[in-house]
Amino acid sequence: QVQLVESGGDLVQPGGSLRLSCAASGFNFRSYTMSWSRQAPGMERELVAQISASGLVVKYADSVKGRFAISRVAAENTVYLQMNSLKPEDTAVYFCNARVLGNDYWGQGTQVTVSS
């Protein structure tokens, strides 16, 4: 079955960097768009970044443009989110997402806390 396992979340100071990883299995990773979303306490889940199956098309939320970068490595079945210049408002649980054959799949999430 489809499995998505996120890792890399941590406590980091404002201005710092983190790289999140999402290891995918149970489907043809090379054929599907992958996304990162986040959810802060009391807030709705929001799409942060998305990368096409080919890796050639990427999209970002306005709030992270110029600071975050999404990438994927087909040989590793992994999608990454490089986060730079982190701000306290980036604090959230970050989720990996794949829409496979019309069904949405999510990982368990990884906590990112930006605080001094």
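Just so it is clear, the model here is predicted, and its values are computed rather than measured.
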Taking [Y] as the starting point, is it possible to reach [X] by hopping between hydrophobic residues whose side chains are less than 4.5 Å apart?
X: Leu81; Y: Val5; result: no
X: Tyr80; Y: Val58; result: no
X: Val2; Y: Phe29; result: yes
X: Val100; Y: Ile70; result: yes
X: Leu86; Y: Phe95; result: no

Are Ser25 and Asn77 close enough, and set up right, to give a side-chain contact (heavy atoms from CB on, under 4.5 Å), and what steps lead you there? CA-CA 7 Å; Ser25 61; Asn77 278 12; 5.5 Å; no

Which pair of heavy atoms, one from [X] and one from [Y], lies closest together, and at what distance?
X: Ser63; Y: Arg38; result: OG-NH2, 3.4 Å
X: Thr110; Y: Gly8; result: OG1-N, 4.0 Å
X: Ser21; Y: Thr78; result: CB-CG2, 4.3 Å
X: Pro14; Y: Ser116; result: CD-N, 3.7 Å
X: Arg99; Y: Asp104; result: NH2-OD2, 2.8 Å
X: Ala49; Y: Tyr60; result: CB-CD2, 3.6 Å

Heavy-atom check, side chain of [X] versus side chain of [Y], under 4.5 Å:
X: Cys96; Y: Trp36; answer: yes
X: Asn84; Y: Ser17; answer: yes
X: Tyr105; Y: Gln1; answer: no
X: Gln111; Y: Thr91; answer: yes

Spacing of [atom1] belonging to [X] relative to [atom2] belonging to [Y], to within rounding of 0.5 Å:
X: Met34; Y: Asn97; atom1: CE; atom2: CG; answer: 7.0 Å
X: Glu89; Y: Met43; atom1: CD; atom2: CE; answer: 11.0 Å
X: Leu4; Y: Phe27; atom1: CG; atom2: CZ; answer: 5.5 Å
X: Met83; Y: Leu20; atom1: CE; atom2: CG; answer: 4.0 Å

Within the side chain of [X], is there an N or O that forms a donor-acceptor pair under 3.5 Å with the backbone of [Y]?
X: Asp10; Y: Val112; result: no
X: Arg72; Y: Gly55; result: no
X: Glu6; Y: Gln108; result: yes

Give me the ring orientation class for Tyr94 and Phe68: parallel if the planes are under 30° apart, tilted from 30 to 60°, perpendicular past 60°.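 Answer is tilted, since the angle falls between 30° and 60°.
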
Would you say that more than 12 heavy atoms from the other residues, nucleotides or ligands in this model lie under 6.0 Å from the CD of Glu44, or not?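 It does not: Glu44 CD has 12 such atoms or fewer within range.
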
Cut-off 3.5 Å, side chains only: do Ser54 and Ser52 have a donor facing an acceptor?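 The criterion, which ignores hydrogens and geometry beyond distance, is satisfied for Ser52 and Ser54.
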
Any side-chain donor-acceptor pair under 3.5 Å between Gln39 and Ser37?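 No.
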
Ion pair check, Lys87 and Asp90, cut-off under 4.0 Å: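 No, Lys87 and Asp90 are not salt-bridged.
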
